[in-house]
Amino acid sequence: MVIETSSALEKQQHQPRVLVIDDSLDSVKLMSHILDHYKCDVTMAFDGQDAIPLLINRQFDLVILDWQMPQMGGRETLLLMDRLMHESKTHKNKRPIPVVIYTGHSEEELELPLVRHFSYMGFINKRQAFSSMLRSFNFILRAI
């Protein structure tokens with residue numbers, strides 16, 4: 001007979017692998033805090049250029065993407081990531097990676113591009129209350 005403790009069971013459970021792409025250190029800290037609460041394995045990138053090699057070399061269950069970044073915005077980042085994922089042989093037959101758009105703009109203001117290797121999972125406004133963000137992430141992480 002095998003008896004497993006709760007810590008052994010926790011180790012067997014899948015930790016969602018999340019890539020956070022945001023140029024704001026405060027936003028990255030907030031995302032890290034929220035995702036740690038849900039026991040996610042979090043990787044940070046401070047712009048789209050930093051995210052590209054991470055996406056090519058690792059597998060993620062979720063991408064959280066800031067839409068307004070100075071050097072390469074969310075739209076450009078997403079289009080580049082999609083193109084590079086299409087060219088990468090390692091990701092050819094995998095399901096689309098869910099993406100959450102994280103921005104201070106309203107959802108109606110965004111012009112979301114058509115992409116093949118990513119699926120839009122949600123939209124989180126940076127201006128919403130912390131408790132609302134927690135509820136949003138609870139819903140999103142249950143769905144992946």
Side-chain angles (χ1 to χ4, degrees), residues 4 6-144:
E4 295 184 355
S6 60
S7 62
L9 289 173
E10 286 176 4
K11 288 179 184 176
Q12 287 182 352
Q13 292 178 349
H14 172 70
Q15 284 186 306
R17 294 172 308 269
V18 181
L19 174 60
V20 177
I21 308 168
D22 197 318
D23 64 308
S24 165
L25 184 57
D26 289 338
S27 292
V28 167
K29 286 180 182 177
L30 177 62
M31 283 295 109
S32 180
H33 179 71
I34 291 171
L35 295 168
D36 282 347
H37 174 78
Y38 291 105
K39 297 178 177 28
C40 295
D41 179 10
V42 181
T43 301
M44 310 284 183
F46 288 96
D47 64 28
Q49 292 291 338
D50 289 343
I52 299 303
L54 295 170
L55 275 167
I56 298 292
N57 295 312
R58 297 185 196 172
Q59 292 186 5
F60 292 97
D61 299 306
L62 177 67
V63 172
I64 299 171
L65 177 63
D66 181 15
W67 202 247
Q68 189 169 350
M69 295 181 284
Q71 295 190 0
M72 181 186 290
R75 178 180 173 72
E76 296 80 17
T77 298
L78 192 56
L79 286 168
L80 179 60
M81 291 186 324
D82 193 58
R83 184 175 56 89
L84 292 175
M85 294 289 277
H86 179 69
E87 294 169 0
S88 171
K89 294 185 188 307
T90 59
H91 292 276
K92 283 271 190 224
N93 296 318
K94 301 220 179 346
R95 67 175 177 79
I97 301 170
V99 175
V100 172
I101 305 300
Y102 183 62
T103 184
H105 294 284
S106 70
E107 191 171 3
E108 294 77 29
E109 293 177 88
L110 304 180
E111 189 178 321
L112 300 175
L114 294 175
V115 288
R116 294 163 90 191
H117 301 278
F118 297 91
S119 62
Y120 296 110
M121 183 78 177
F123 169 86
I124 296 181
N125 192 304
K126 288 183 176 186
R127 297 179 193 143
Q128 71 185 12
F130 182 75
S131 59
S132 295
M133 281 189 198
L134 279 175
R135 282 192 301 276
S136 296
F137 276 106
N138 184 40
F139 176 76
I140 290 165
L141 291 169
R142 285 177 185 228
I144 60 170

Say you draw a straight line from [atom1] of [X] to [atom2] of [Y]; how long is it, rounded to the nearest 0.5 Å?
X: H105; Y: F123; atom1: NE2; atom2: CZ; result: 9.0 Å
X: M44; Y: D50; atom1: CE; atom2: CG; result: 13.0 Å
X: L114; Y: L79; atom1: CG; atom2: CG; result: 9.0 Å
X: K29; Y: S24; atom1: NZ; atom2: OG; result: 9.5 Å
X: L35; Y: L30; atom1: CG; atom2: CG; result: 9.0 Å

Within-4.5 Å side-chain heavy-atom neighbours: [X] and [Y]:
X: V42; Y: M31; result: no
X: I101; Y: L112; result: yes
X: V18; Y: L62; result: yes
X: F118; Y: L55; result: yes
X: D82; Y: R116; result: yes
X: M85; Y: I97; result: yes
X: M72; Y: T77; result: yes
X: P16; Y: Y38; result: no

CD of Q71: more than 12 outside heavy atoms within 6.0 angstrom? no
Counting only heavy atoms not in F139, do more than 12 sit closer than 6.0 Å to its CZ atom? no
Checking side-chain contact (heavy atoms from CB on, under 4.5 Å) for the pair I144/F60: CA distance, chi angles, key distance, verdict? CA-CA 11 Å; I144 60 170; F60 292 97; over 6 Å; no
Can you name the nearest heavy-atom pair linking [X] to [Y], along with the distance?
X: Q128; Y: S136; result: NE2-OG, 3.6 Å
X: F130; Y: H33; result: CZ-CD2, 3.6 Å
X: M133; Y: K126; result: CE-O, 3.5 Å
X: D66; Y: T103; result: OD1-CA, 4.4 Å
X: D23; Y: P70; result: OD2-CD, 3.1 Å
X: R75; Y: E111; result: NH1-O, 2.8 Å

Taking side chain to side chain contact (heavy atoms under 4.5 Å, CB included) as the criterion, tell me which of V20, L78, I21, L54 meets it with V63. I21
Donor-acceptor pair, side chain of R17 and main chain of D41, under 3.5 angstrom: no
Measure from the side-chain N and O atoms of D47 to the backbone N and O of D22, and report whether any donor-acceptor pair falls under 3.5 Å. no
Pair I140, I124 - check side-chain contact (heavy atoms from CB on, under 4.5 Å), show working. CA-CA 10 Å; I140 290 165; I124 296 181; 4.0 Å; yes
Determine whether E87 and L84 satisfy the following criterion, side-chain contact (heavy atoms from CB on, under 4.5 Å), listing intermediate values before the conclusion. CA-CA 5 Å; E87 294 169 0; L84 292 175; 3.6 Å; yes
